[in-house]
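One structure is given below, encoded as structure tokens.
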Amino acid sequence: MTPRLTLINRDYTRLWFGQAVSSVGDAVFSTTLVLWVATVLAKDEAWAPVAVSGIVMASSVAVLVIGPLAGVFVDRWDKRATMLRTEVLRGGLVAVLTAVTFLPAGALPAGVWLALIYATVLLLHTAGQFFSPARFAVLADLVTGDADRARAAGIAQATGETAWIIGPPLAAPLLFTAGLQWALLLNGLSYAVSYVAIRSIGVREPRTGSAGPAGTQKPAVRQRAELRREFVDGLRFFAGSRFLVALLLLSVIGQLGVGALGTLNVFFATDNLHADAHLYGYLGMAMGVGGITGALSGGRVVKWLGARRTTWIGLLVSGVLLVAYSRQTGFLGGVALLFVFTVPLTMLNTAMSPLLLAAAPPDYRGRVMAVFYPVTRLAAMLSAALSGWLAGSVLRDVGGSLGGLRFGPVDTIIAASGLIVLLAGFFAMAALPGAEDAGDSRPKTRPSAHGPRGGRLTRKRTDMTETETANPEPNEREGIEVVAHNDDEELAACVINRSNDL
């Protein structure tokens, strides 16, 4: 008989608990860094938005450079040992930064502080690129059966969103009452809890060599040639699929719009919503609640409207709400609208995931994501950098009124971001084929059949039934976020991207 406090099974419960604590620590860490840089280190400085955008860029660089390659190596390593080592590394990095922050802010030049923060964030996310695929592999061993895996996927999504309800409101009081170092220390301790939880689970690892499960060692030159060939095949497949290219383009456009919010929201809260910096965490909390609401209702909405229609409707509604958010002048109205904005954004991710999964054969899904995720993260990084630069330089002195509406640099950029998301919605409406046109997603260039199974490729349909569309394979759906409001699974400031949280 399963104990009442056990989720699915004992080992999964232990792993879930460790990751839940770690997720809260990541949310506190991300919010604390953004607040400290914006309100202490760069207070009243013209370059403050650029400094905050650097946190987002540092997190994205690891995803872009390391992400596409990390999975290849994790497949050849002991998964549990990989998770343990990365938690030790991440805990050590946070401990070093925590020790330095016991110095007064004026003890080091601002440039040195920013370099330390950016380097720490970059290395944390680099380690996260190895932790995440190892964790998914371990979950596949711990949880078997479609029903339990679907339940595990739901628990993971709800836990991640709940962490962003708890973390941001906790970060601000810690920072402004206890100090920066104690907020950072909380994240370091969360890695220790995760380490203990991972050590307590039992996972049998097959003895594998660098060549695969059979342990047969291949010459290094041959291994490199095979990796290069498979990667090129994946690029050819992606480029030859009009459907995948259309999904990528609309996701890039959407990220270019949403990405600015992660950089500028702290300044919008204090300048436009006239809120004290102590209240900033409640905006993250509103997004967390909206994310849970969207996650719980997304499946039913996709089943009702279909994945394609939910995608472009979600983009259009999100764009309108983001423009409306940019016009808010009261804190409570801003919190309410940010909650409503996050709901269709989460539904959008729910809708696009099955479209993306259905557009690629199983043997090519890993390589499709190796193209899709880094490119969309690059778009988010460029959006963060551009919005920070515009707010701190070109549009710094912009202000006035038009038709009775007052505007400044930050709200102007956020409003423009909403219009870009609207553009993505109209593009999705025109570019995504309906069920009758799904056959157009066939790639024009047939990739060579050197997939992992070495067999002939079979194209998956994008015209799935409503039930199939709403319920992709649970273990594949988990972790796919097209226009992320969260950070890999991966920093996540991952104030907007919470897939890898800081």
Side-chain angles (χ1 to χ4, degrees), residues 21 23-56 94-110 112-114 116-118 120-121 124 162-190 261-289 328-332 334-335 338 388 391-392 410 491-496 498 501-502:
V21 173
S23 296
V24 173
D26 289 342
V28 171
F29 184 77
S30 300
T31 307
T32 298
L33 288 185
V34 170
L35 275 175
W36 188 74
V37 170
T39 64
V40 178
L41 184 65
K43 184 178 182 179
D44 299 326
E45 297 288 349
W47 46 266
V50 178
V52 172
S53 69
I55 300 176
V56 182
V94 173
V96 170
L97 182 62
T98 302
V100 175
T101 58
F102 276 93
L103 296 172
L108 297 174
V112 174
W113 280 116
L114 290 176
L116 287 171
I117 290 172
Y118 295 163
T120 301
V121 170
L124 285 174
T162 302
W164 279 86
I165 295 175
I166 299 172
L170 183 62
L174 275 174
L175 173 62
F176 293 114
T177 59
L180 173 65
Q181 59 271 19
W182 299 108
L184 300 185
L185 182 61
L186 178 63
N187 192 36
L189 292 176
S190 74
L261 192 60
T263 298
L264 300 180
N265 209 25
V266 62
F267 304 103
F268 184 80
T270 55
D271 297 342
N272 295 75
L273 300 182
H274 310 292
D276 190 277
H278 294 72
L279 300 175
Y280 170 69
Y282 289 100
L283 294 177
M285 179 179 178
M287 296 187 74
V289 175
Q328 297 303 301
T329 57
F331 181 71
L332 292 179
V335 169
L338 202 58
V410 173
L491 212 299
C494 288
V495 176
I496 300 302
R498 298 199 292 267
D501 295 348
L502 284 172

Q. Between Ser23 and Asp26, does any side-chain donor sit less than 3.5 Å from a side-chain acceptor?
A. no
If every non-hydrogen atom of [X] is compared with every non-hydrogen atom of [Y], which pair is closest and at what distance?
X	Y	value
Gly281	Pro168	O-CB, 3.1 Å
Val21	Ser190	O-CB, 3.5 Å
Ala171	Thr32	CB-OG1, 3.5 Å
Val121	Ile55	CG1-O, 3.8 Å
Ala105	Val40	CB-CG1, 4.5 Å
Val28	Gly167	CG2-O, 3.6 Å

Rounded to the nearest 0.5 Å, how far does [atom2] of [Y] lie from [atom1] of [X]?
X	Y	atom1	atom2	answer
Thr120	Phe29	OG1	CZ	6.5 Å
Trp164	Met287	CH2	CE	9.0 Å
Asp276	Phe331	CG	CZ	9.5 Å
Asn187	Thr98	CG	OG1	8.0 Å
Phe102	Gln181	CZ	CD	4.5 Å
Leu170	Leu186	CG	CG	6.5 Å

Q) How about Leu338 and Asn265: do any of their side-chain heavy atoms sit closer than 4.5 Å? A)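 They are in side-chain contact.
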Q) Heavy atoms, side chains only, cut-off 4.5 Å: are Trp36 and Thr101 in contact? A)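 No, side chains not in contact.
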Q: Show your reasoning for whether side-chain contact (heavy atoms from CB on, under 4.5 Å) applies to Thr31 and Leu175.
A: CA-CA 10 Å; Thr31 307; Leu175 173 62; over 6 Å; no
Could you go through residues 266-273 and list every donor-acceptor pair under 3.5 Å that involves a side-chain atom there, pairing it with any protein atom two or more places apart or in another chain?
| from | atom 1 | to | atom 2 | distance (Å) |
| --- | --- | --- | --- | --- |
| Thr270 | OG1 | Val266 | O | 3.3 |
| Thr270 | OG1 | Phe267 | O | 3.3 |
| Asn272 | ND2 | Asp411 | OD2 | 2.9 |

Q: Check the pair Leu33 / Leu184 against side-chain contact (heavy atoms from CB on, under 4.5 Å), numbers first and verdict last.
A: CA-CA 9 Å; Leu33 288 185; Leu184 300 185; 4.2 Å; yes
Q) What residues, two or more places apart in sequence or in another chain, satisfy side chain to side chain contact (heavy atoms under 4.5 Å, CB included) together with Ala46? A) Arg396
Q) Residues in side chain to side chain contact (heavy atoms under 4.5 Å, CB included) with Val100, at least two apart? A) Leu103, Leu108, Trp113, Leu116
